[in-house]
Amino acid sequence: AQSVAQPEDQVNVAEGNPLTVKCTYSVSGNPYLFWYVQYPNRGLQFLLKYITGDNLVKGSYGFEAEFNKSQTSFHLKKPSALVSDSALYFCAVREGSSASKIIFGSGTRLSIRP
Amino acid sequence: GAVVSQHPSWVICKSGTSVKIECRSLDFQATTMFWYRQFPKQSLMLMATSNEGSKATYEQGVEKDKFLINHASLTLSTLTVTSAHPEDSSFYICSAQEQGYLNTEAFFGQGTRLTVV
């Protein structure tokens with residue numbers, strides 16, 4: 001069965017510093033990996049995805065993520081954090097190319113201090 | 001980008017009544033829609049997968065008679081919480097997968113905050 005782990009409940013970063021939000025996954029087939037962001041009392045907004053191709057994926061709002069097959073990781077990164085990046089971030093995985101269910105990690109709360 | 005509209009955004013109901021939540025894909029056709037439940041400060045728990053024209057597939061532990069799902073068209077899925085109780089109070093979120101585009105991300109509604117009193 002597929003699963004996703006986000007080992008950090010919270011990440012605190014000063015504005016202007018680089019940030020990393022960690023994610024590891026487990027699937028038996030090819031992984032389809034996603035990052036979403038959630039603001040309070042709102043649905044999820046898509047940030048980026050890895051399906052195939054380049055291991056470094058660039059997404060919305062200056063975020064990027066690196067797919068590492070050997071480490072089964074898909075960490076989210078941003079070179080310079082903004083206070084407005086403060087939110088709840090979810091890593092998610094779908095196994096294979098079928099329209100199968102997407103499983104979410106536990107979420108990481110990102111807090112950017114001015 | 002693709003838009004998923006969820007209605008209502010919040011609802012308060014009395015114990016024992018039923019509540020219907022709608023999930024619409026506004027600018028695309030969704031063969032598959034997913035219903036999630038989110039508790040405060042927790043992740044999204046998949047409740048069921050809804051396929052147009054067929055019965056929904058429920059996750060283990062989710063009562064299908066309590067959480068009725070209907071996906072009658074390619075743009076609309078509904079979740080009805082029957083005989084609601086305070087423990088059903090939660091944030092419910094739907095997502096939709098665009099028909100024929102299996103490599104894309106799922107698009108999410110804005111969520112429905114249900115409070116049962």
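Because the structure is predicted, anything quoted here is derived from the model rather than measured. Keep in mind that the numbers below use all heavy atoms, side chains included, and drop hydrogens, waters and symmetry copies.
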Side-chain heavy atoms under 4.5 angstrom apart, residues restricted to Ile, Leu, Val, Met, Phe, Trp, Tyr: same cluster for [X] and [Y]?
X        : Y       : answer
B/Val81  : B/Leu46 : no
B/Phe34  : B/Phe91 : yes
A/Ile103 : B/Met45 : no
A/Leu19  : A/Val11 : yes
A/Leu47  : A/Tyr32 : no

Side chain, backbone, both or neither: which part of [X] has a heavy atom under 4.5 Å from chain B?
X       : value
A/Phe90 : side chain
A/Leu88 : side chain
A/Gln38 : side chain

Check your understanding: So, for A/Ser106 and B/Ser43, which heavy atoms are closest and what is the spacing to 0.1 Å?
Key -> CA-CB, 3.6 Å
Check your understanding: What's the shortest heavy-atom distance between B/Ala106 and A/Tyr36, and which atoms?
Key -> O-OH, 2.7 Å
Review point. Between atom CD1 of A/Ile102 and atom CZ of B/Phe108, what is the distance when rounded to the nearest 0.5 Å?
Key: 5.5 Å
Check your understanding: Distance from A/Gln45 atom CD to B/Glu105 atom CD, nearest 0.5 Å?
Key -> 12.5 Å
Exercise for review: Give a yes or no on this: more than 12 heavy atoms of other residues, nucleotides or ligands lie within 6.0 Å of atom OH of A/Tyr39.
Suggested key: yes
Practice item. State whether the number of non-hydrogen atoms from other residues, nucleotides or ligands found under 6.0 Å of A/Arg42 atom CZ is greater than 12. Key: no
Check your understanding: Contact part of B/Gln38 toward chain A, heavy-atom cut-off under 4.5 Å: side chain, backbone, both or neither?
Key -> side chain
Exercise for review: Against chain A, work out which of B/Thr57, B/Ile93, B/Leu44 has the most heavy-atom pairs shorter than 4.5 Å and name it.
Suggested key: B/Leu44
